[in-house]
Number of protein chains: 2
Amino acid sequence: MKQESKRGRPRKFDETETLNRIMQVFWKNGYAATSLDQIASETGLNRPSLYAAFGSKKEMYLASIDQFADEMHSYLREAGAKTTGANSRLKAIMAAAIELYTGKTALSSAPYGCLAISTLPAEAAQDPDFQSALEAMIARMDKGFASLIRHETNDEFSEIELLEKAQHLALILHGISIRARAGATSQTLKDLAFSAVDKIVP
Amino acid sequence: MKQESKRGRPRKFDETETLNRIMQVFWKNGYAATSLDQIASETGLNRPSLYAAFGSKKEMYLASIDQFADEMHSYLREAGAKTTGANSRLKAIMAAAIELYTGKTALSSAPYGCLAISTLPAEAAQDPDFQSALEAMIARMDKGFASLIRHETNDEFSEIELLEKAQHLALILHGISIRARAGATSQTLKDLAFSAVDKIVP
DNA sequence: ATATTTTTATGCGAATTGGTATAAAATGAA
DNA sequence: TTCATTTTATACCAATTCGCATAAAAATAT
């Protein structure tokens, strides 16, 4: 938001670390139920400092979503790189996502599901910016799954079939996020995810 | 909430119809972003009357969820009764749910997805009552799908397989609700749903 | 040192929030 | 008509909301 400047009082907070704290608050409470006072208290900053660094509440939230998407993307990419073969890699990615959704990773502190899937839909019908953010998030996941299948299976599937499989995987993952938010155990969710992967990309 | 009484000033509103209006407001805005003033304005009642009839905002919301679940249940049951065979009935139910999610039915006024899936997750991590409501909603869908498959396929699948298929169908449907909320067209969603049904219960 | 620039801290302020107290209105019972 | 009962309407309450105006603090540049 602001490049480092030579003069002036130095900041006493790290921007991305603070944004991660902000993200946690939205992750737990959702957008509408989160107040700037909660964010201030959770980050240790006061409202004017927050506003100067991240803009309005809405901008903070959208920035949190972006950072979440980026961190989740690289986390899943890493998890999917540990094996070979479409089926095995997809299972590794599903397992990693479920660990994330159930609060068993450094990025996630509690079983809150996916930040975007858990909190964006409630706001999407009210504000087109939120609807666009949700749509972008979904498209990004579709593309991620599609690209993995495309690279891992050589012309075995048509581009149409491939995109359909990717969307089915994303649908399953979003359903899993909701169940994680509802309190399902990670083992239950992994069983569901693995059997779904076996059906979609055997 | 209140049985009809002989004496006293008569009510000038119908309880279930008013609750349907309340439901629409929560459906669009989610729980936290909905104010009692909006509900009052949308129903034509004032806050004290609303409070007397339906209790607190939270009670209004949970009553909306219950009524939605009941209305959706009977609507889908009816849609699924028009054909025979597991595959065909499941497709009919999926198609009907998608019509509902994309605002093409009497019950739904706009493409807001499923009331529960769109709005409950945002609140579920803060309030155990909301988490329980979400969990109950998911369980109800799982059971609905399971019972249909059980009755339509005679011992073709074990109870374990059957429950797994039901959960896969529910996962898909929840993912579809999110995509409806994100603006996907009903045709896109039906294509996805039908191909998924073909994979799960051919 | 003095001035300049940037961040922090205090605190305000107009608006909105969920909920309710109180009184007026509308009905049936006596 | 008079009374009891229930719903409606007005208005208020204390608390919270987001955002910002203003001033103090902390650094560098001159």
Side-chain angles (χ1 to χ4, degrees), chain A residues 1-19 21-23 25-26 28-65 119 122-123 126-127 129-130, chain B residues 1-19 21-65 119 122-123 126-127 129-130:
Chain A
M1 240 86 194
K2 204 77 200 315
Q3 67 270 30
E4 71 274 28
S5 46
K6 303 255 175 207
R7 298 217 289 204
R9 181 169 173 172
R11 277 195 178 155
K12 64 174 193 182
F13 67 93
D14 175 63
E15 199 154 312
T16 61
E17 185 196 319
T18 298
L19 189 52
R21 291 235 178 85
I22 295 174
M23 185 197 302
V25 185
F26 283 125
K28 177 177 185 186
N29 303 318
Y31 174 74
T34 293
S35 75
L36 293 183
D37 278 339
Q38 289 177 73
I39 293 179
S41 145
E42 208 68 31
T43 58
L45 303 185
N46 38 41
R47 285 209 304 287
S49 293
L50 284 169
Y51 197 85
F54 303 103
S56 68
K57 179 185 173 184
K58 179 175 169 179
E59 291 169 310
M60 282 181 216
Y61 175 68
L62 291 175
S64 296
I65 295 279
T119 67
E123 321 295 332
Q126 227 183 345
D127 188 322
D129 292 336
F130 290 149
Chain B
M1 242 84 197
K2 203 79 200 317
Q3 64 271 29
E4 71 271 29
S5 45
K6 300 256 176 208
R7 298 218 291 205
R9 182 170 173 172
R11 276 193 179 158
K12 64 173 193 183
F13 66 92
D14 176 65
E15 199 154 312
T16 61
E17 185 196 319
T18 299
L19 188 53
R21 291 236 177 84
I22 295 175
M23 186 198 300
Q24 300 297 326
V25 185
F26 283 126
W27 207 345
K28 176 177 186 186
N29 304 318
Y31 175 73
T34 294
S35 73
L36 293 184
D37 278 340
Q38 289 176 73
I39 293 180
S41 147
E42 209 67 33
T43 57
L45 303 185
N46 39 41
R47 286 212 302 287
S49 293
L50 284 168
Y51 198 84
F54 303 102
S56 69
K57 179 185 175 186
K58 180 175 170 180
E59 290 169 310
M60 283 181 217
Y61 176 68
L62 291 176
S64 296
I65 296 279
T119 66
E123 321 295 332
Q126 264 190 300
D127 188 323
D129 292 337
F130 291 150

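To find a chain, count down the sequence lines: A is the first, B the second, and so on, and within it residues start at 1. Any value given below was found using the heavy atoms of this structure, including those in side chains, with hydrogens, waters and symmetry copies removed.
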Could you tell me which residues satisfy salt bridge (Lys or Arg N to Asp or Glu O under 4.0 Å) with B:R9, sequence neighbours excluded, listed by chain and number?
none
Between P of D:dT6 and CZ of B:R9, the distance in whole Å
14 Å
Which whole-number value in Å describes the distance from B:N29 CG to C:dG18 C1'?
16 Å
Are OP1 or OP2 of C:dT8 and a side-chain N or O of A:N46 less than 4.0 angstrom apart?
no
Can you measure from CD (B:E123) to OG1 (A:T119) and round to the nearest 0.5 angstrom?
10.5 Å
On a heavy-atom basis, the closest approach of A:L36 and A:L50 is O-CD1, 4.3 Å
Any chance you could lay out the side-chain contact (heavy atoms from CB on, under 4.5 Å) test for A:F26 and A:Q38, step after step, and finish with the verdict?
CA-CA 10 Å; A:F26 283 125; A:Q38 289 177 73; over 6 Å; no
Which one, C:dT20, D:dG19, D:dA27, comes nearest to the side chain of B:P48?
C:dT20
Compare the minimum distances between each of D:dA26, D:dT6, D:dG19 and the side chain of A:S56, then state the nucleotide with the smallest one.
D:dG19
Write down the distance between CZ (B:F54) and P (C:dT20), rounded to a whole number of angstrom.
17 Å
Here the distance between atom P of D:dA9 and atom CZ of B:R11, to the nearest Å, is 13 Å
When you measure from the side-chain N and O atoms of A:K12 to the phosphate of C:dT6, is any distance below 4.0 Å, counting only OP1 and OP2?
no
Under 4.0 angstrom between B:S49 side-chain N/O and D:dT8 OP1 or OP2
yes
With a 4.0 Å cutoff (strictly under), does any side-chain N or O of A:Y51 reach OP1 or OP2 of D:dC20?
yes
Which word best sums up how the rings of A:F54 and A:F13 line up, parallel for under 30°, tilted for 30 to 60°, or perpendicular for over 60°?
tilted
side-chain contact (heavy atoms from CB on, under 4.5 Å) filter on B:S56, not counting sequence neighbours, yields B:Y51, B:K58, B:E59
For D:dA27, does OP1 or OP2 lie under 4.0 Å from any side-chain N or O of A:R7?
no
For nucleotides 13-17 of chain D, give me every protein contact, N/O to N/O, under 3.5 Å, one pair per line with atom names.
none

Over how many whole Å does the gap from A:L50 atom CG to D:dC18 atom P extend?
11 Å
All heavy atoms of B:E42 vs all of B:R21, minimum pair found to be O-CD, 3.5 Å
